[in-house]
**Student:** 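Right, I'll just put the structure down here and ask away after.
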Amino acid sequence: MQDLIERAAQTIRTARKTVALTGAGISAESGIPTFRDPGGLWDRYDPEEYATIEAFHRDPGKVWRMMKDFTELKTALPNPGHFGLAHLEQLGLLHCIITQNVDNLHQAAGSRDVIEFHGNMRQVVCLSCRKMLPLEEISLETLPPYCGCGGVFKPAGVFFGEPIPSHALYRSQDEAQSCDLILVIGTSAVVYPAADIPRVAKEAGAQVIEINPKHTDLTDWLADLIIQEKAGIAIPQIIAAIKAIAS
Ligand code: OAD
């Protein structure tokens with residue numbers, strides 16, 4: 001493992017432009033369940049009933065009640081994986097993070113350039129007038145919450161069946177095409193179009209480093225370097241190795 005960590009450190013140190021794509025796995029060590037691991041969110045809740053825009057239209061109160069119960073999202077703190085990526089950015093070794101997560105933990109750790117590919121859950125959007133408000137500015141006493149215009153508020157995270165926010169989609173494609181290294185961290189890489197970002201980067205000539213304790217769809221055919229370890233362990237070790245090379 002140490003050899004892989006040192007190779008990753010060397011690759012990051014010499015890359016011209018490094019981008020990270022993160023998924024639920026990077027927040028697992030903060031206590032937020034992933035979606036598809038055993039005991040994950042999709043074992044507890046059927047995505048057809050809670051995560052599609054059709055399900056939301058069918059019964060917005062039911063989806064809101066599930067969200068309100070999801071206390072991990074409100075109380076979680078960043079872990080060494082999040083802090084490590086923020087540190088890499090400060091060192092000038094990470095250009096930006098494209099995250100599928102809606103938990104705000106990259107920003108809480110100090111990362112400045114975070115592209116929220118699946119939106120975020122800190123805001124709500126009115127489905128009639130499209131007004132957006134911070135979640136804490138609306139009352140959740142009666143669910144679903146309604147806008148002054150009479151429309152229903154929806155959490156601003158992307159539901160299945162909704163488009164990716166266009167600025168996030170286009171910028172992510174640009175970053176993938178122009179980087180020469182992509183770190184793919186804590187994602188099963190099965191949900192498109194996010195899962196396509198590493199392929200776009202690879203086809204444009206980038207190297208791919210995957211950090212994930214488990215095998216994924218990308219492991220065999222796309223990754224140049226595979227670190228089968230938890231993000232909160234591997235990322236600090238890579239940073240220590242970068243500093244050791246530099247000293
Ligand atoms: P998944 O739950 O599909 O995958 C989580 C990945 O994290 C798995 O490959 C795990 O092996 C890995 N993992 C677990 N613990 C880890 C750790 N400590 N360090 C590193 N990796 C770890 O989550 P995503 O790939 O993020 O979309 O799921 C993608 C999308 O599917 C989500 O954004 C969400 C979901 O449906 C929407 O809801 C639109």
Side-chain angles (χ1 to χ4, degrees), residues 1 4-5 8 12 18-45 47 51 70-89 94 96-111 114-121 157-158 160 164 168 172 176 181-199 201-202 208-239:
M1 179 59 76
L4 291 172
I5 296 285
I12 292 170
T18 301
V19 165
L21 171 69
T22 65
I26 196 164
S27 296
E29 290 156 88
S30 294
I32 299 180
T34 63
F35 295 95
R36 295 176 183 80
D37 287 304
L41 220 54
W42 294 159
D43 276 352
R44 277 154 59 186
Y45 300 102
F70 193 8
T71 46
E72 294 101 324
L73 207 54
K74 286 174 229 147
T75 54
L77 296 170
N79 68 57
H82 300 106
F83 286 120
L85 291 187
H87 192 43
L88 274 182
E89 184 187 40
L94 182 63
C96 67
I97 297 172
I98 304 164
T99 190
Q100 298 164 84
N101 300 344
V102 293
D103 56 25
N104 199 42
L105 292 183
H106 285 303
Q107 294 92 331
S111 285
V114 182
I115 303 170
E116 293 181 307
F117 202 81
H118 288 160
N120 71 69
M121 293 296 189
V158 173
F160 286 114
I164 303 300
S172 298
L181 174 61
I182 184 159
L183 312 177
V184 183
I185 306 168
T187 178
S188 58
V190 293
V191 174
Y192 285 81
D196 212 27
I197 292 169
R199 185 195 58 78
K202 178 96 178 183
V208 180
I209 298 179
E210 183 178 57
I211 302 175
N212 194 316
K214 289 197 194 139
H215 198 276
T216 74
D217 280 11
L218 303 181
T219 310
D220 290 333
W221 66 279
L222 209 70
D224 297 293
L225 194 59
I226 301 149
I227 300 185
Q228 288 202 313
E229 180 53 279
K230 291 180 175 175
I233 294 174
I235 296 171
Q237 287 181 353
I238 292 170
I239 291 176

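Small disclaimer: the values here were computed from a predicted structure and weren't measured.
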**Student:** Name all pairs fulfilling the ring-ring contact (aromatic ring centres under 6.0 Å, His included) condition that reach into residues 208-237, sequence neighbours left out, sorted by first residue then second.
**Tutor:**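 Applying ring-ring contact (aromatic ring centres under 6.0 Å, His included) to every pair that reaches into residues 208-237, excluding sequence neighbours, yields nothing.
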
**Student:** Would a 4.5 Å heavy-atom cut-off, applied to side chains only, mark Ile227 and Met1 as touching?
**Tutor:**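 In contact.
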
**Student:** Establish, from distance only, whether the side-chain atoms of Ser111 and His82 form a donor-acceptor pair under 3.5 Å.
**Tutor:**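 His82 and Ser111 do not have a side-chain donor-acceptor pair below 3.5 Å.
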
**Student:** Any donor and acceptor pair, going by atom type alone, linking the side chain of Asn120 with main-chain N or O of Val102 inside 3.5 Å?
**Tutor:**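 It does not hold such a pair.
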
**Student:** Take Ile211 and Val184 through the test side chain to side chain contact (heavy atoms under 4.5 Å, CB included) and record every step on the way to the result.
**Tutor:** CA-CA 6 Å; Ile211 302 175; Val184 183; over 6 Å; no

**Student:** When rounded to the nearest 0.5 angstrom, what distance separates OG in Ser27 from NE2 in His106?
**Tutor:**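 It is 6.0 Å, given to the nearest 0.5 Å.
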
**Student:** With a 4.5 Å cut-off on side-chain heavy atoms, are Cys96 and Val114 touching?
**Tutor:**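 Side-chain contact under 4.5 Å: no.
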
**Student:** May I ask you to decide if Ala189's main-chain N or O and Thr187's side chain share a donor-acceptor pair within less than 3.5 Å?
**Tutor:**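 Confirmed, Thr187 side chain pairs with Ala189 backbone.
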
**Student:** I want to check something: taking the side chain as every heavy atom from C-beta on, are Ile197 and Phe117 in contact at a cut-off of under 4.5 Å?
**Tutor:**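 In short, these two side chains touch, coming nearer than 4.5 Å.
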
**Student:** Would you name the heavy atoms of Ile226 and Leu4 that are closest together and state the gap between them?
**Tutor:**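 Nearest heavy atoms, Ile226 then Leu4: O-CD1, 3.5 Å.
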
**Student:** Which heavy-atom pair separates Ile182 from Ala201 by the least distance, and what is that distance?
**Tutor:**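 For Ile182 and Ala201, the tightest heavy-atom pair comes out as CG2-CB, 3.9 Å.
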
**Student:** Just by distance, do the side chain of Gln100 and the backbone of Thr22 share a donor-acceptor pair under 3.5 Å?
**Tutor:**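 Yes, because the side chain of Gln100 sits within donor-acceptor range (under 3.5 Å) of the backbone of Thr22.
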
**Student:** What I'd like to find out is whether the side chain of Leu183 reaches to under 4.5 Å of the side chain of Leu21, using heavy atoms alone.
**Tutor:**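 Result no, sub-4.5 Å side-chain heavy-atom pair not found.
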
**Student:** Considering all heavy atoms of both residues, which atom of Val158 and which atom of Gly119 are nearest to each other, and what is their separation?
**Tutor:**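 Closest heavy-atom pair between Val158 and Gly119: CG2-N, 3.9 Å.
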
**Student:** From Lys230 NZ over to Ile235 CD1, what is the distance, rounded to the nearest 0.5 angstrom?
**Tutor:**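 Between atom NZ of Lys230 and atom CD1 of Ile235 there are 13.5 Å.
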
**Student:** Tell me, which pairs form a salt bridge (charged side-chain N to carboxylate O under 4.0 Å, His left out) where one or both residues lie in residues 19-28, sequence neighbours left out?
**Tutor:**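 Every candidate salt bridge (charged side-chain N to carboxylate O under 4.0 Å, His left out) pair involving residues 19-28 fails, so no pair, neighbours aside, qualifies.
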
**Student:** About how many Å separate CZ of Arg199 and CG of Asp217, when rounded to the nearest 0.5 Å?
**Tutor:**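 CZ of Arg199 is found 13.5 Å from CG of Asp217.
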
**Student:** For residues 31-41, pull every pair meeting side-chain hydrogen bond (donor to acceptor under 3.5 Å, both in side chains), keeping only residues two or more places apart or in separate chains.
**Tutor:**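 Listed by first then second residue: Thr34-Asp37, Asp37-Lys214.
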
**Student:** Whether the side chain of Asn79 engages the backbone of Gly232 through a donor-acceptor N/O pair (distance < 3.5 Å, no angle test) should be reported.
**Tutor:**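 No, because the side chain of Asn79 does not come within donor-acceptor range (under 3.5 Å) of the backbone of Gly232.
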
**Student:** Would you give the length of the straight line joining atom CD1 of Ile209 to atom CD1 of Ile238, rounded to the nearest 0.5 angstrom?
**Tutor:**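 Here the rounded value is 6.5 Å.
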
**Student:** Measure the CD1-CG distance between Ile239 and Leu85 for me, rounded to the nearest 0.5 Å.
**Tutor:**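 Ile239 atom CD1 to Leu85 atom CG measures 7.0 Å (nearest 0.5 Å).
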
**Student:** For the OG1 atom of Thr18 and the CG atom of Leu94, what is their distance to the nearest 0.5 Å?
**Tutor:**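 Spacing of OG1 (Thr18) from CG (Leu94) equals 6.5 Å.
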
**Student:** With distance as the sole criterion, is a donor-acceptor pair present between the side chains of Thr216 and Thr219 under 3.5 Å?
**Tutor:**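 Thr216 vs Thr219: donor-acceptor pair found between side chains.
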
**Student:** Using side-chain heavy atoms (C-beta onward) and a distance below 4.5 Å, is Ile185 in contact with Asn212?
**Tutor:**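 Counting from C-beta outward, Ile185 and Asn212 never come under 4.5 Å.
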
**Student:** Which pair of heavy atoms, one from Pro80 and one from Pro236, lies closest together, and at what distance?
**Tutor:**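 Reported closest heavy-atom pair: CB-CG, 3.8 Å.
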
**Student:** In chain order, what residues pass the salt bridge (charged side-chain N to carboxylate O under 4.0 Å, His left out) check against Glu116, with sequence neighbours excluded?
**Tutor:**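 Partners of Glu116 under the salt bridge (charged side-chain N to carboxylate O under 4.0 Å, His left out) test: Arg122.
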
**Student:** Considering non-hydrogen atoms only, spot the tightest contact between Ser30 and Pro78 and give its length.
**Tutor:**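 In this case the closest contact between Ser30 and Pro78 is OG-C, 3.8 Å.
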
**Student:** Could you tell me which residues satisfy salt bridge (charged side-chain N to carboxylate O under 4.0 Å, His left out) with Asp43, sequence neighbours excluded, listed by chain and number?
**Tutor:**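 Testing Asp43 for salt bridge (charged side-chain N to carboxylate O under 4.0 Å, His left out), a comparison that skips the adjacent residues, returns none.
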
**Student:** Please name the pair of heavy atoms, one in Pro198 and one in Ala194, separated by the smallest distance, quoted to 0.1 Å.
**Tutor:**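 Closest heavy-atom pair between Pro198 and Ala194: CD-O, 3.7 Å.
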
**Student:** Among all residues two or more places apart in sequence or in another chain, which pass the salt bridge (charged side-chain N to carboxylate O under 4.0 Å, His left out) test with Asp224?
**Tutor:**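 Partners of Asp224 by the salt bridge (charged side-chain N to carboxylate O under 4.0 Å, His left out) criterion, ordered by chain and then number, come out as Lys202.
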
